[in-house]
Amino acid sequence: MQNRLKQEMKSGAIKACSIELEDLQDVEVLEQRKRVSKGELSSIVFAKRSQQAFMTDDKKATKLALTILSQNKVQSTSHCCGWLYFNGWLGDSDKDAIVAELAGLQRSLEPHLTNAYLEGLRCRLLNQGIVTQTLKPRI
């Protein structure tokens, strides 16, 4: 994933943005309120300033972001994956690769990603008028 990100940045498809010194002063204030990393805090401040969504899997960062940003601007990796499955940009074979890559980074999100995968597929089928009941994972 990191290599793909670097390639996309190199090609210009993803742009690196900076934040202003004044924005970082907000980070210092926020850091006193919650024990959240400076990277997460900087991202929250940038999302607020640029009116973009903030994406994290850190529960403390999520709680803090929800006090600063609107609920629809705070998202998680599993939420993003569910949306990508719904739109067909990720397929069945991508789920295991994503889970494995995140596990390699000590980020075990498997149950959340499985739920997002099933929900994305369920919503896609509902959108097509095919399914009327909830899909449940088989254990």
Side-chain angles (χ1 to χ4, degrees):
M1 289 172 87
Q2 290 176 357
N3 289 336
R4 286 175 32 203
L5 173 63
K6 288 175 186 175
Q7 287 174 349
E8 294 298 323
M9 289 177 73
K10 197 174 196 177
S11 74
I14 295 177
K15 183 174 87 170
C17 298
S18 60
I19 56 177
E20 303 297 323
L21 185 58
E22 293 81 22
D23 296 326
L24 291 174
Q25 290 171 338
D26 286 342
V27 170
E28 194 170 334
V29 171
L30 293 173
E31 195 169 34
Q32 299 303 316
R33 292 181 52 199
K34 303 278 183 182
R35 294 199 180 275
V36 177
S37 75
K38 288 183 181 177
E40 296 280 4
L41 290 170
S42 298
S43 296
I44 293 168
V45 169
F46 178 75
K48 180 181 177 187
R49 187 185 77 152
S50 62
Q51 299 181 4
Q52 295 185 42
F54 168 68
M55 190 169 95
T56 186
D57 288 311
D58 183 299
K59 290 181 182 181
K60 290 178 184 175
T62 298
K63 286 181 185 177
L64 178 59
L66 287 169
T67 67
I68 297 164
L69 306 168
S70 62
Q71 185 173 2
N72 66 341
K73 296 278 188 179
V74 181
Q75 301 173 353
S76 67
T77 301
S78 55
H79 178 262
C80 178
C81 285
W83 181 79
L84 293 170
Y85 286 119
F86 171 76
N87 285 291
W89 293 325
L90 287 178
D92 296 338
S93 62
D94 295 312
K95 184 175 79 66
D96 292 337
I98 293 168
V99 167
E101 190 163 344
L102 289 170
L105 298 169
Q106 279 66 52
R107 301 289 302 184
S108 179
L109 300 173
E110 195 280 327
H112 305 291
L113 292 173
T114 296
N115 288 337
Y117 165 74
L118 292 172
E119 183 65 8
L121 295 180
R122 184 186 75 79
C123 289
R124 185 182 335 156
L125 292 173
L126 281 170
N127 192 45
Q128 296 170 353
I130 297 171
V131 167
T132 58
Q133 65 182 17
T134 304
L135 295 175
K136 302 268 186 196
R138 293 183 182 174
I139 299 175

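Using a 4.5 Å heavy-atom threshold, the side chains of L64 and L41 count as touching. Between F86 and N127, the closest side-chain pair of non-hydrogen atoms falls below 4.5 Å.
Applying the under-4.5 Å side-chain rule to Ile, Leu, Val, Met, Phe, Trp and Tyr, the cluster around M9 extends to L5, I14.
Residues satisfying the side chain to side chain donor-acceptor pair (under 3.5 Å) criterion with Q52, sequence neighbours excluded, are S50. Partners of E110 according to the side chain to side chain donor-acceptor pair (under 3.5 Å) rule, which considers only residues two or more places apart in sequence or in another chain, are T114.
When all heavy atoms of R107 and D58 are compared, the closest pair comes out as NH2-N, 4.4 Å. Closest of all the heavy-atom pairs between A61 and I44 is O-CD1, 3.8 Å. Taking every heavy atom of both residues into account, G88 and R124 meet most closely at CA-NH2, 3.9 Å.
Side chain of S42 to main chain of G39: no donor-acceptor pair is present (N/O by atom type, distance under 3.5 Å, no hydrogens or angles).
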Stepwise side-chain contact (heavy atoms from CB on, under 4.5 Å) test for F54 and F46: CA-CA 9 Å; F54 168 68; F46 178 75; over 6 Å; no
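Here SG of C80 is found 10.0 Å from CG of L113. Values are rounded to the nearest 0.5 Å. Annotation: the span from K60 atom NZ to S37 atom OG amounts to 11.0 Å, rounded to 0.5 Å.
Hydrophobic clustering, with ILVMFWY side chains joined whenever heavy atoms are under 4.5 angstrom apart, keeps V45 apart from M55.
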Check: residues 94-104 side-chain donor-acceptor pairs under 3.5 Å, at least two apart:
| from | atom 1 | to | atom 2 | distance (Å) |
| --- | --- | --- | --- | --- |
| D94 | OD2 | G91 | N | 2.6 |
| E101 | OE2 | M1 | N | 2.5 |

I'd like a table of donor-acceptor pairs (distance under 3.5 Å, sequence neighbours excluded) in which one partner is a side-chain atom from residues 70-77, with atom names and distances.
| from | atom 1 | to | atom 2 | distance (Å) |
| --- | --- | --- | --- | --- |
| S70 | OG | N72 | OD1 | 2.6 |
| K73 | NZ | Q51 | O | 2.9 |
| S76 | OG | S78 | OG | 3.0 |
| S76 | OG | H79 | N | 3.1 |
| T77 | OG1 | D57 | OD2 | 2.5 |

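Applying the ring-ring contact (aromatic ring centres under 6.0 Å, His included) test to pairs two or more places apart or on separate chains, those with a residue in residues 105-129 are Y85-Y117.
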